[in-house]
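One-based numbering along the sequence shown. Counting starts at 1 for both ligands and their atoms, in listed order.
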Amino acid sequence: MKSPINTRMFLEKAEKIAGVGHWHYNIETQDLFWSEQVYNIHGLNPKKYKPTVDEAVSFYHPDDREYVRSMVETCIETSKPYEFNLRLIRRDGELRYVRSLGETEKDDHGKVIAIFGVFQDVTESKLREIEIVEKEKFLETMMNTLPDAVFVKDEKFRIVRANDVFLNMYPQDKRDKVIGYTTLEDYDAKSVEKFLEFDKLAFKEGFSETEETLCFPDGITRTLLTKKARFQNVQGHQFILGVATDVTILKDAEKSVLQANKELSQSNADLEDFAYITSHDLKEPLRGIYNYSQFVLEDCADKLNEEDVDKLNTIVRLSKRMESLMDALLEYSRVGRTELAMQDTDINEVIREIIDDLSFQVKQKNVKMTVQKDLPNVICDRVRVGEVFRNLITNAIKYNDQDVKTIEIGCDRAHPKHLDKCVFFVKDNGIGIEPQHVDKIFKIFKRLHGRNDYDGGTGSGLTIIKKIIKRHDGEMWVESKHGKGSTFYFTLEC
Ligand code: ADP
């Protein structure tokens, strides 16, 4: 049956649909024919342009023109068909990729009289191909820039891809037996069992994560933190991508820090025991010295001259002082030795009780106390935290020469350095602390003034309360301006 469509029309439509054109070159007449589609690909109007062979070649990228000429010439000489994919620059300057196929036409005597072929715009697929190549290059660069070992395994646990870090864990002579192999024989049975278990888990669940210490084929034992994730390619085959971070140094450092911490806590505990035992046991003979001095003073008063009485009074005073130093030491060690009695604590109540207890002093010393409303509840040892506030408030009264002594107590719940904690503060307008002494005041028995100035104590109060806060996982610090006042801060979980 005859086709209802005119052959020429059919060809034109087919070329348009397929985006393929055809051309013909008569060697004798040098006539070059382009179909409409070839004109379209060149971005030219068939009614306004008639190409020559040289012009046709000139549309190719300058670097490709010589190649095109030689292909055509060889085709004419040898009658062998040709095919190439090259860059074409259209009249408007746009770069396109074209595929050209050509073959010869011969007369009855076998003489080549023409060549003809097809011409196709393959820009879209070429750009996709370039994009894939670039993505692959990017992936390769990224894989080999990463400090981690990266690998891909197929469902038979064969390594199908790996970066340099991964390959470098194999000795040089084994490296070409990695890709395409499971390499299971390079590891001991126990390690194999472990990493296969996590390979299987990743295939089953989509993800697995493990930390494993194993001896690698290069003879080095490493601890790796390995994450494995399942993925599927377009053919539906499953793979796992593994990324292994070498945490050997980190783990070793962690172990050393743990060991050092253990030793430090042990030696701190030993020191506390020592302080406790010595201060506790020494108190008894000290009490004896005190008591006997008192007896002599009282019972032998008529036999003692004034100088003897003075000396004995000094012994009494010094032993009293020594006793209070020992009490302070005992208290300091007790804070480290006894368990905290943690409970939900209303800080407003704690402060109210302290202010009640100090009401006489407050009145007598002309203290103006401001307490922020609605202080938060915190989980803490109520008694110990009470000691902290009491100590800071009494110091704020004590170390203050102002006629009107102001004290402000509050809590900052948005302190930039401790956003997740409650930062309590006790602020005064007292004598302040010189910057070079700020660190000293938290050291045991360190006082900045003579014993008789400011009704001073043993110089242990701040050390003890700082330790109480530390035991609550908090921090304590002071900000102060000499002569202008100080603010003591401490953090608690809230
Ligand atoms: P103590 O009051 O028994 O001497 P602390 O440990 O409480 O011991 O204080 C140590 C030193 O820190 C004090 O001797 C004093 O010099 C200084 N100090 C403490 N609180 C304040 C304050 N609010 N203002 C100025 N100086 C202070």
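- Put simply, part of Gly459 is less than 4.0 Å from ligand 1, judged by heavy atoms.
- Contact atoms of ligand 1 toward Gly432: 25 (C) (distance under 4.0 Å to a heavy atom of the residue).
- By the 4.0 Å heavy-atom criterion, Lys446 is counted among the residues contacting ligand 1.
- Using cut-offs of 30° and 60° for the angle between ring planes, the Phe157 and Phe203 rings count as perpendicular.
- Distance alone, capped at 3.5 Å, is enough to place a donor-acceptor pair between the Gln372 side chain and the Cys411 backbone.
- When Asp428, Ile393, Ile407, Thr463 are ranked by how near their heavy atoms come to atom 23 (N) of ligand 1, first place goes to Asp428.
- Closest heavy-atom approach to atom 20 (N) of ligand 1 among the candidates Asn395, Ile441, Leu448: Asn395.
- With a 4.0 Å cut-off on non-hydrogen atoms, Ser460 touches ligand 1 through its backbone and not its side chain.
- Geometric assessment of Lys228 against the ring of Phe198 yields a negative cation-pi assignment under the 6.0 Å and 45° thresholds.
- Only the side chain of Phe488 comes within 4.0 Å of ligand 1, counting heavy atoms alone; its backbone N, CA, C and O stay farther away.
- A side chain to side chain donor-acceptor pair (under 3.5 Å) check over residues 378-391, counting only residues at least two apart or in different chains, returns the pairs Glu331-Arg384, Glu349-Arg382, Glu353-Arg382, Asp357-Arg390, Arg384-Glu387, Asn391-Asn395.
- Contacts between Lys398 and ligand 1, counted as non-hydrogen atom pairs separated by less than 4.0 Å, involve the side chain only.
- Between Glu129 and Lys126 a salt bridge is recorded (basic side-chain N to carboxylate O distance below 4.0 Å).
- For Ile433, every heavy-atom contact with ligand 1 shorter than 4.0 Å involves the side chain, none the backbone.
- Ring pair His415/His418 is tilted by interplanar angle, where 30° to 60° counts as tilted.
- Ligand 1 has no atom lying under 4.0 Å from any heavy atom of His437.
- For ligand 1, the atoms closer than 4.0 angstrom to any heavy atom of Thr458 are 3 (O).
- Every pair passing ring pair (Phe, Tyr, Trp, His ring centres under 6.0 Å) that includes a residue from residues 234-266 is listed here, sequence neighbours excluded: Phe231-Phe239.
- Of the two cysteines examined, Cys422 and Cys494, the SG atoms meet the criterion of being under 2.5 Å apart.
- Residue-to-ligand polar distances place Leu462 within reach of ligand 1: an N/O pair is separated by less than 3.5 Å.
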